[in-house]
Amino acid sequence: MDNNTQRPFILISNDDGYHSPGIRLLAESLRDVADLLVCAPESARSGFSCAFSAEVPLRLKRRHNLGDIEVWSCNGTPVDCVKLALAKLCPDRRPDLILGGVNHGDNSTVNNHYSGTMGVALEGCMKYISSIAFSSCYYDEHADLSALVPYIRRFVEAVLRKPLPRGVCLNINFPAAQHFEGVRVCRMTFGRWVNEVVTEHHPRGYDYYWMVGHFNNDEPEAEDSDQWALAHGYVAVTPTTMDVTAYGFMDEACALLGAERK
């Protein structure tokens, strides 16, 4: 990467693969805003969260699917992509911003914890780089995501002007719609996946399993939650912290366990 420019520098990754329409939309939307570097998995890596490869050798391959935007693929996870890009593709130029997405599928509520798209943002956050994960509730990768573009540009330009606090990243989800009612900053919904395992029987005599499931919103009337915002046509912005300490429970934990704290 050229490190002599004064333009902002953005690293982009995802969990759908370097060739996905979502990452293409994200890169094309921002090519006039900043210098871009794309490093993304060579194929889909949904559900990898913050996983990285400890036992598999990693490879990088230069791709040319976005014109003059520098694109690399990696055989590892989304987090591997971020780590490799920072170490090998731009060692002399620190990104001003790291972006994950646009993911084809909802990453609100507890999906936040499973999402490889959020893994990208959390890895950036752990490197003290402002980071945003973008997801659309359209699961069809061929859905029209053009309505997201002005919002993506607005959010990116805002964070470039005023970087996020250390230890905070943004999880931004868009409803499956062509028009949005507005933008809401919300908390994560309490919910859970149920009926997650489907059993099948193989002709050779053994059982095998598919992880599927249905999401259950355990507080559907909570108007301050991300699921409520999405269900009512709003773009849901959930500030997410790297520090997972339950500060509100610390005194009770001391009492429960006979411990002390400072």
Side-chain angles (χ1 to χ4, degrees), residues 5 7-41 44 46 63-71 78 81-82 95-108 111-112 115-118 120-121 124 129-164 169-186 226 229-240:
T5 179
R7 276 159 51 96
F9 176 36
I10 299 176
L11 171 61
I12 298 175
S13 192
N14 71 355
D15 69 359
D16 289 317
Y18 76 94
H19 47 72
S20 77
I23 204 169
R24 175 181 292 276
L25 177 103
L26 187 55
E28 294 287 2
S29 299
L30 299 172
R31 64 162 60 243
D32 67 326
V33 172
D35 294 333
L36 306 178
L37 170 63
V38 175
C39 184
S46 295
R63 304 289 183 169
H64 301 278
N65 59 312
L66 285 172
D68 60 350
I69 296 174
E70 186 174 338
V71 179
C81 293
V82 175
D96 299 290
L97 184 60
I98 293 179
L99 303 178
V102 174
N103 188 68
H104 301 286
D106 177 7
N107 277 323
S108 66
N111 295 340
N112 183 315
S115 164
T117 307
M118 275 303 297
V120 170
I129 300 171
S130 293
S131 300
I132 307 173
F134 291 109
S135 302
S136 167
C137 291
Y138 279 121
Y139 283 83
D140 181 358
E141 68 172 18
H142 300 297
D144 180 5
L145 301 182
S146 58
L148 280 60
V149 172
Y151 292 88
I152 289 171
R153 290 175 62 90
R154 167 183 160 187
F155 299 146
V156 165
E157 289 173 347
V159 173
L160 287 173
R161 286 194 302 270
K162 185 174 177 58
L164 298 171
C169 61
L170 298 180
N171 180 19
I172 300 180
N173 286 271
F174 294 87
Q178 295 302 307
H179 170 77
F180 308 125
E181 296 299 320
V183 179
R184 284 203 170 194
V185 175
C186 358
D226 53 9
L230 292 168
H232 290 80
Y234 290 89
V235 180
V237 179
T238 304
T240 301

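Note that these values count all heavy atoms, side chains included, but never hydrogens, waters or copies made by symmetry. We're numbering straight along the sequence, starting at 1.
- Arg31 and Leu66 make their closest contact through NH2-O, 3.4 Å (heavy atoms, listed as atom of the first residue, atom of the second, distance).
- Here the OG1-CD1 distance, from Thr240 to Ile172, works out to 10.0 Å after rounding to the nearest 0.5 Å.
- Paired with Leu36 under the rule side chain to side chain contact (heavy atoms under 4.5 Å, CB included), one option of Val71, Asp68, Ile12, Leu11 passes, and it is Ile12.
- Not one N or O on the side chain of Glu157 forms a donor-acceptor pair closer than 3.5 Å with the backbone of Val33.
- Around atom CZ of Arg154, no more than 12 heavy atoms belonging to other residues, nucleotides or ligands sit under 6.0 Å away.
- Summarising the geometry of Ala40 relative to Ile23, their closest heavy-atom pair is CB-CD1, 3.8 Å, with the distance given to 0.1 Å.
- Counting heavy atoms from C-beta outward, Val237 and Tyr151 have side chains that stay 4.5 Å or more apart.
- Leu145 and His104 make their closest contact through CD1-CE1, 4.2 Å (heavy atoms, listed as atom of the first residue, atom of the second, distance).
- Rounded to the nearest 0.5 angstrom, Asp32 CG and Arg7 CZ are separated by 7.5 Å.
- You'll find the side chain of Glu181 stays beyond 4.5 Å of the side chain of Pro175, heavy atoms only.
- Residues passing the side chain to side chain contact (heavy atoms under 4.5 Å, CB included) test with Arg184 are Cys186, Trp228, Ala229, Tyr234, sequence neighbours excluded.
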Start with the C-alpha gap between Leu30 and Arg153, add the side-chain angles, then the distance that decides, and say whether side-chain contact (heavy atoms from CB on, under 4.5 Å) holds. CA-CA 7 Å; Leu30 299 172; Arg153 290 175 62 90; 4.2 Å; yes
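- Atom CG of Leu99 is separated from atom OG of Ser131 by 8.0 Å, given to the nearest 0.5 angstrom.
- Taking CG from Leu25 and CG from Asp144, the interatomic distance works out to 9.0 Å, rounded to the nearest 0.5 Å.
- Using a distance-only test at 3.5 Å, with no hydrogens or angles considered, no donor-acceptor pair links the side chain of Ser135 to the main chain of Ala133.
- For the pair Cys137 and Leu230, the minimum side-chain heavy-atom distance is below 4.5 Å.
- The line from CG of Asp106 to OH of Tyr138 is 13.5 Å long, rounded to the nearest 0.5 Å.
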side-chain contact (heavy atoms from CB on, under 4.5 Å) assessment of Val149 paired with Glu28: CA-CA 9 Å; Val149 172; Glu28 294 287 2; over 6 Å; no
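- Nearest heavy atoms, Gly124 versus Ile98: CA-CD1, 3.7 Å.
- The closest donor-acceptor contact from the side chain of Asn171 to the backbone of Asn107 lies under 3.5 Å.
- In this structure the side chain of Asn112 never reaches within 4.5 angstrom of the side chain of Asp226, judged on heavy atoms.
- Contact record, Cys39 with Cys81: O-CB, 3.3 Å, taken as the closest heavy-atom pair.
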With side-chain contact (heavy atoms from CB on, under 4.5 Å) as the test, would you mind laying out the steps for Phe155 and Leu148 before giving the verdict? CA-CA 11 Å; Phe155 299 146; Leu148 280 60; over 6 Å; no
Pair Asn111-Asn173, side-chain contact (heavy atoms from CB on, under 4.5 Å): steps then yes or no: CA-CA 11 Å; Asn111 295 340; Asn173 286 271; over 6 Å; no
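- Sorted by first and then second residue, the pairs that involve residues 13-24 and meet side chain to side chain donor-acceptor pair (under 3.5 Å), not counting sequence neighbours, are Asn14-Ser20, Asp15-Thr117, Tyr18-Arg63.
- In this structure, Cys169 and Met118 have side chains that are in contact, with non-hydrogen atoms separated by less than 4.5 Å.
- With sequence neighbours left out, the ring-ring contact (aromatic ring centres under 6.0 Å, His included) criterion links Phe174 to Phe180.
- The shortest side-chain heavy-atom distance between Leu170 and Pro239 falls under the 4.5 Å cut-off.
- Shortest non-hydrogen contact noted between Ala34 and Phe9 is CB-N, 4.4 Å.
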